Amino acid sequence: MDKVKKVKVTLIPGDGIGPEVSLATQRCIEAAGVTINWEVVHAGTEIMEKKGTPLPQDVIDSVRRNKIAIKGPVTTPIGSGFRSVNVALRKELDLFACLRPCKLYPGVKSIDEKIDLVIVRENSEDLYAGIEFEAKSKEADTLVRVIRELDPKARFNLHPAISIKPISEAATTRIVRFAFETAIQMKRKKVTAVHKANIMKFTDGLFLKTAREVAKEYEGRILFEDRIVDNMCMQLVQRPAEYDVLVLPNLYGDIISDLCAGLIGGLGVAPGANIGDTIALFEATHGSAPKYKGMNKANPTAMILSGMLMLRHIGETKAADRLENAVAKVLKEGRSVTYDLKKDRHDPAAVGTSQMADAIIKAMQ
Ligand code: NAD
């Protein structure tokens with residue numbers, strides 16, 4: 001196989017199952033015929049013990065420099081100043097869009113036969129903005145007082161904890177435009193905006209109104225519709241094949257991406273990317289599954305498919321096709337797959353992380 005081009009990519013192996021699925025991914029990408037110059041930097045619980053922070057500056061610098069990164073999952077340490085390394089990276093690098101294609105590959109068990117969704121989640125605001133006030137804190141009680149002054153009808157129970165949900169026209173315009181551009185690029189037909197504007201008239205109402213405005217720019221090229229989030233959940237379970245590209249505010253996007261991951265075989269096969277204007281960071285939807293750390297048990301598919309998305313992003317289309325076809329072949333055969341893809345999760349014929357990567361590499365030869 002001819003090696004095509006050498007690209008510099010930041011690799012953050014992560015922690016928990018991260019290093020195992022990262023190694024599997026590196027091997028599969030190389031086998032697809034692209035020689036990457038990997039710049040490996042570390043974030044997560046282990047580096048925290050050494051450097052006192054789970055997200056050292058050299059990680060951010062490396063991603064900024066290389067513009068392309070792939071990351072294993074990182075555990076969110078409890079009790080540190082950090083809410084999450086993942087959220088911090090997205091904020092620091094202004095990765096405003098989370099892209100999660102949810103495609104059902106033949107051989108993987110599901111409730112429907114044809115599921116090929118693309119989830120576009122806003123990454124920078126909503127209840128995920130991290131603006132929270134603890135119950136009984138001076139700040140929360142002050143906020144209650146101020147809100148009562150602003151809205152005498154507002155009712156609170158005693159000493160509530162409060163989270164703030166900012167939604168802006170600017171961030172919504174940016175994410176909805178990203179969803180439409182993605183739809184065009186991926187040759188999709190329809191964008192569905194998901195919201196709860198019937199109840200949250202100002203926040204989700206603004207999201208919906210803005211989405212409708214942006215949709216006008218794409219009239220005649222891409223269809224547009226909207227759904228209320230609870231109804232969307234039911235419809236995705238009953239008629240997933242009716243949907244194409246979904247665009248959602250941060251929190252609904254988080255929840256619906258996991259729901260859709262469940263529809264296509266589980267977290268073990270759901271890839272993703274966080275994208276900004278100039279930087280793209282690829283990562284699986286799943287977390288660090290600490291209970292499987294070092295056991296060679298975790299499914300590497302989600303991260304390998306994230307690598308496939310990265311190859312497409314850098315224009316290595318042939319290598320991406322080769323890799324995706326190999327993954328699809330291994331999934332269809334259903335033999336060399338990890339425990340989560342077996343009918344019976346205790347099937348002794350399930351293979352380990354590195355053996356599944358071996359099978360994918362073999363399928364490319
Ligand atoms: P998780 O995704 O790590 O695990 C949930 C369950 O899903 C696991 O117990 C396992 O049964 C299954 N699973 C996940 N990945 C799998 C894989 N590759 N192969 C087979 N089975 C797999 O979610 P969690 O337990 O809620 O989170 C664990 C840690 O990961 C937390 O600290 C959380 O903050 C962090 N997290 C990180 C990211 C990220 O780095 N982007 C995303 C989500 C969660």
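Everything quoted here is computed from the prediction, not taken from an experiment.
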Carboxylate-amine/guanidinium proximity below 4.0 Å for [X] and [Y]:
X	Y	result
E324	K318	no
D358	R27	yes
R227	E225	yes
K209	E169	no

Check [X] against [Y] and note the closest heavy-atom contact, atom names and distance.
X	Y	result
I119	G253	CG2-O, 4.4 Å
L95	N123	O-ND2, 3.0 Å
A43	V74	O-CG2, 4.2 Å
S124	R174	OG-NH2, 4.4 Å
V21	T25	O-OG1, 2.7 Å
A363	V330	CB-CG2, 4.2 Å

Interatomic distance, [X] atom [atom1] to [Y] atom [atom2] [nearest 0.5 angstrom]:
X	Y	atom1	atom2	value
T203	L127	OG1	CG	8.5 Å
L248	E122	CG	CD	10.5 Å
S22	M303	OG	CE	3.5 Å
W38	E30	CH2	CD	6.5 Å
Y243	I256	OH	CD1	10.5 Å
K103	L305	NZ	CG	9.0 Å

Is there side-chain contact between [X] and [Y], with at least one heavy-atom pair below 4.5 Å?
X	Y	result
C102	L263	no
E181	Q185	no
K216	E213	yes
I162	E132	no
I29	M310	yes
T353	N299	no
L323	C28	yes
V85	T76	no

May I have the step-by-step check of side-chain contact (heavy atoms from CB on, under 4.5 Å) for H286 and I17, ending in yes or no?
-> CA-CA 10 Å; H286 64 71; I17 58 169; 3.6 Å; yes
Looking just at side-chain N and O atoms, do [X] and [Y] make a donor-acceptor pair shorter than 3.5 Å?
X	Y	answer
T172	T210	no
T75	T45	no
N86	K71	yes
T10	E39	no
R100	S257	yes
S306	E283	no
Y128	D254	yes

Do [X] and [Y] share a hydrophobic cluster (ILVMFWY, side-chain heavy atoms under 4.5 Å, transitive)?
X	Y	answer
L267	I255	no
M356	M308	yes
L206	L208	no
V237	I264	yes
I304	L23	no

Any side-chain to backbone donor/acceptor pair from [X] onto [Y]? Under 3.5 Å, distance only.
X	Y	result
T317	R312	no
K332	V108	no
T285	A270	yes
S137	F133	no
D126	L251	yes
E219	R221	no
R322	A32	yes
D226	A193	no
N296	S354	yes
K8	I68	no

R188/D116 under side-chain contact (heavy atoms from CB on, under 4.5 Å): CA gap, chis, key distance, verdict = CA-CA 10 Å; R188 301 300 182 123; D116 193 2; 3.0 Å; yes
Linking Ile, Leu, Val, Met, Phe, Trp and Tyr through side-chain heavy atoms less than 4.5 Å apart, which residues share a cluster with V191?
->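 Once heavy-atom contacts under 4.5 Å are chained together, V191 belongs with F96, L99, V118, V120, I167, I175, V176, F178, F180, I184, M186, F207, V214, Y218, I222, F224, V245, V247, I275.
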More than 12 foreign heavy atoms under 6.0 Å from CG of D151: is that the case here?
->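 Counting other residues, nucleotides and ligands, CG of D151 exceeds 12 neighbours.
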R64, CZ atom: more than 12 neighbouring heavy atoms under 6.0 Å =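 Enclosed.
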Begin from the C-alpha positions of E20 and K297 and carry the test salt bridge (Lys or Arg N to Asp or Glu O under 4.0 Å) through to its verdict.
-> CA-CA 9 Å; E20 297 161 62; K297 190 168 165 122; over 6 Å; no
Derivation and outcome, side-chain contact (heavy atoms from CB on, under 4.5 Å), residues E139 and L143 | CA-CA 6 Å; E139 293 80 6; L143 206 52; over 6 Å; no
Apply the test salt bridge (Lys or Arg N to Asp or Glu O under 4.0 Å) to residues D112 and R239: give CA-CA distance (whole Å), side-chain angles for both, the deciding distance (0.1 Å), then the verdict.
-> CA-CA 8 Å; D112 207 318; R239 299 194 295 278; over 6 Å; no
Y252 and H195: aromatic ring centres closer than 6.0 Å?
-> no
What do the steps show when you test K293 against D15 for salt bridge (Lys or Arg N to Asp or Glu O under 4.0 Å), and what is the final call?
-> CA-CA 8 Å; K293 177 183 171 176; D15 55 37; over 6 Å; no
Quick one: ring pair (Phe, Tyr, Trp, His ring centres under 6.0 Å) partners of Y105, sequence neighbours excluded?
->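 Y105 satisfies ring pair (Phe, Tyr, Trp, His ring centres under 6.0 Å) with no other residue.
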Report the C-alpha separation of V9 and I70 in whole Å, then their side-chain angles, then the decisive distance to 0.1 Å, and conclude whether the side-chain contact (heavy atoms from CB on, under 4.5 Å) test is met.
-> CA-CA 7 Å; V9 170; I70 184 159; 4.2 Å; yes
